[in-house]
Amino acid sequence: MDFGYTEEQLMIQEVARRIAQEKIAPSAEGFDRSGEFPLDNIRLLGENGLMGIEVPGEYGGAGMDPVAYVLAMVEIAAADAAHSTIMSVNNSLFCNGILTHGTEEQKQAYVRPIAEGAEIGAFALTEPQSGSDATSMRCRAAKQADGSFLINGKKSWITSGPVAKYIVLFAMTEPDKGARGITAFLVDTARDGFHRGKTEPKLGIRASATCEIEFQDYVARAEDVLGDEGHGFKIAMGVLDAGRIGIASQAIGIARAAYEATLSYVRERKAFGQPIGAFQMTQAKIADMKCKLDASLLLTLRAAWLKGQGKRFTTEASVAKLTASEAAMWIAHQAVQIHAGMGYSKEMPIERYFRDAKITEIYEGTSEIQRLVIARHETGLR
Ligand SMILES: CC(C)(COP(=O)(O)OP(=O)(O)OC[C@H]1O[C@@H](n2cnc3c(N)ncnc32)[C@H](O)[C@@H]1OP(=O)(O)O)[C@@H](O)C(=O)NCCC(=O)NCCSC(=O)CCS(=O)O
């Protein structure tokens, strides 16, 4: 077993760290306050290979492995979670599925502009009435005599929905077949029949724009189908396996930022004549934070390594996401408590870490869904 990183992995980590510290961290508080989409920073990330880390060079990406993706995501998330949400959707939810299931034409047309940072991608599975229970979706794609599909329905909680050029969409083509009646499509938001709805006013990751989208007689051509008809659910689940590595990495970045800020604070802040870090109650919290952070990173690297080996990593991705997201929430909570009034104040980023951490326990499969995936695998029961 080798715990070292390759030169390539260290290089992308360094590129991500430099942009994170020079460009993203100084603007994070302002973007959080305004909720503005950080388009220039996202373009910069794309120009530096960070919007298509695992995308081969022939499709405009950096051609690196999933471990490199984890390392880069952690750096960006440590500076600002909202930026890493946009990065994660472009990399894992958008590019990944098309690379695995797309035709050569689809990869050139859809992956390249996203991987290069020229355009933004999105992933549309969730609906107002269906989140965890994805197979009960109502969005319909009715096949026409000429092989095209007429799409009607609503999708909600679409990260980057307000700005996305292209979307990977899941719709029911044969409702009576349940999971086997779902098909994936590649949508161009400039075409007729596509509409953007209300944006979500969110607790955290406020600079990552989220909205509802609606399809009213949107025509998807036969060549817009991603993968085989009826295979959409499996495509979505496979894409979410990869997405969960991204969210685990995001959670680690948020947790690391909260932990490092807390470490500095407990060394400097004095109470009863000594640094608060000298009190055993604080030391116990620091030790637990460190253990949860390290465990989260190792589990996430394990899932990423398996993915890089071409092995099945569904359970390991769920283990990583569940562990890292709950660790991030716990660590951010302790960070607020240790900083006390300063943790609750907007003068420090601690309250932002606390607000941003929460979403990692919700999107791309709630903690309850991760437990279900893990326990089904372990018991063989459902
Ligand atoms: C709850 C679930 C885990 C499972 O749902 P089901 O019980 O309805 O489905 P299954 O019977 O288990 O599977 C049906 C079918 O799919 C195949 N499958 C299942 N998992 C995988 C996988 N990981 N990879 C490949 N294939 C898979 C399975 O073998 C079956 O195939 P056969 O029919 O036997 O051939 C699931 O519904 C689930 O994970 N739900 C959570 C959904 C979720 O994460 N939603 C969030 C979406 S997106 C988001 O959060 C925001 C995105 S953004 O930021 O914009």
Side-chain angles (χ1 to χ4, degrees), residues 73 81-97 100-101 120-137 139 155-164 166-170 172 174 177-184 187 196 199-200 202 204-205 207-213 227-228 230-248 250 303 306-307 311-319 321-322 325 356 358-377 379-382:
M73 271 290 294
H83 282 72
S84 69
T85 299
I86 302 160
M87 175 175 164
S88 156
V89 169
N90 272 0
N91 276 276
S92 325
L93 298 192
F94 188 87
C95 292
N96 188 58
T100 312
H101 302 281
I120 309 289
F123 176 87
L125 177 68
T126 300
E127 299 186 359
Q129 303 79 10
S130 66
S132 297
D133 181 12
T135 55
S136 68
M137 66 176 64
C139 186
K155 294 280 172 183
S156 56
W157 290 101
I158 309 306
T159 294
S160 301
V163 289
Y166 300 121
I167 298 179
V168 176
L169 167 76
F170 299 88
M172 271 290 178
E174 293 188 80
K177 288 195 177 165
R180 293 182 180 189
I182 294 171
T183 298
V187 165
R196 301 178 210 268
T199 51
E200 301 296 344
K202 304 191 299 291
I205 54 162
S208 143
T210 313
C211 74
E212 282 192 350
I213 56 173
D228 294 331
H231 282 223
F233 188 74
K234 288 188 186 187
I235 294 175
M237 291 301 112
V239 166
L240 282 168
D241 287 347
R244 289 166 186 167
I245 294 178
I247 302 307
Q250 173 181 51
L306 282 170
K307 179 172 188 275
K311 300 193 165 125
R312 182 86 187 246
F313 59 96
T314 300
T315 310
E316 289 78 7
S318 284
V319 169
K321 188 204 181 247
L322 177 63
S325 60
D356 286 345
K358 184 60 204 169
I359 191 61
T360 65
E361 293 182 318
I362 298 173
Y363 60 12
E364 301 197 25
T366 60
S367 293
E368 289 75 11
I369 287 294
Q370 308 311 327
R371 288 191 164 86
L372 181 148
V373 170
I374 297 162
R376 276 185 179 181
H377 178 265
T379 62
L381 300 171
R382 43 179 298 140

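Whatever order the structure lists ligands and atoms in, that order sets their numbers, starting from 1. Below, all heavy atoms of this structure are taken into account, side chains as well, without hydrogens, waters or symmetry copies.
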Examine the proximity of ligand 1 to [X] and report which part, side chain or backbone, both or neither, has a heavy atom under 4.0 Å away.
| X | result |
| --- | --- |
| Thr159 | both |
| Lys321 | neither |
| Phe233 | side chain |
| Val89 | side chain |

Would you check if there is a donor-acceptor pair between the side chains of Gln129 and Ser136 at a distance under 3.5 Å?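 Checked: Ser136/Gln129 side chains show no N/O donor-acceptor pair below 3.5 Å.
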
Does a donor on one side chain and an acceptor on the other come within less than 3.5 Å for Thr159 and Tyr363?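 Not at all, the side chains of Thr159 and Tyr363 share no donor-acceptor pair under 3.5 Å.
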
Got an N/O contact under 3.5 Å between Thr126 and ligand 1?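 Checking ligand 1 against Thr126, no N or O pair falls under 3.5 Å apart.
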
Using distance alone, determine whether Ser132 and ligand 1 share an N or O pair under 3.5 Å.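 It does: an N or O of Ser132 is found under 3.5 Å from an N or O of ligand 1.
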
Over 12 foreign heavy atoms within 6.0 Å of CZ, Arg180: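 Counting other residues, nucleotides and ligands, CZ of Arg180 stays at 12 neighbours or fewer.
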
Quiz question for you: does at least one protein heavy atom lie closer than 4.0 Å to atom 2 (C) of ligand 1?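 No, because not a single protein heavy atom sits under 4.0 Å from atom 2 (C) of ligand 1.
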
For atom 43 (C) of ligand 1, is the nearest protein heavy atom under 4.0 Å away?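 Looking at atom 43 (C) of ligand 1, one finds that a protein heavy atom does lie closer than 4.0 Å.
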
Taking it one step at a time, do Thr360 and Gln250 satisfy side chain to side chain donor-acceptor pair (under 3.5 Å)? CA-CA 8 Å; Thr360 65; Gln250 173 181 51; 6.0 Å; no

Less than 4.0 Å is my threshold; does some heavy atom of Leu93 fall inside it relative to ligand 1?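 It does, in that a heavy atom of Leu93 comes within the 4.0 Å cut-off of ligand 1.
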
Measuring from atom 31 (O) of ligand 1, which candidate in Lys234, Arg244, Gln370 has the nearest non-hydrogen atom?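 When every heavy atom of Lys234, Arg244, Gln370 is considered, Lys234 comes closest to atom 31 (O) of ligand 1.
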
Hey, looking at atom 23 (N) of ligand 1, which of Asp241, Ile369, Val168 has the closest heavy atom?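 Going through Asp241, Ile369, Val168 one by one, Asp241 has the nearest heavy atom to atom 23 (N) of ligand 1.
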
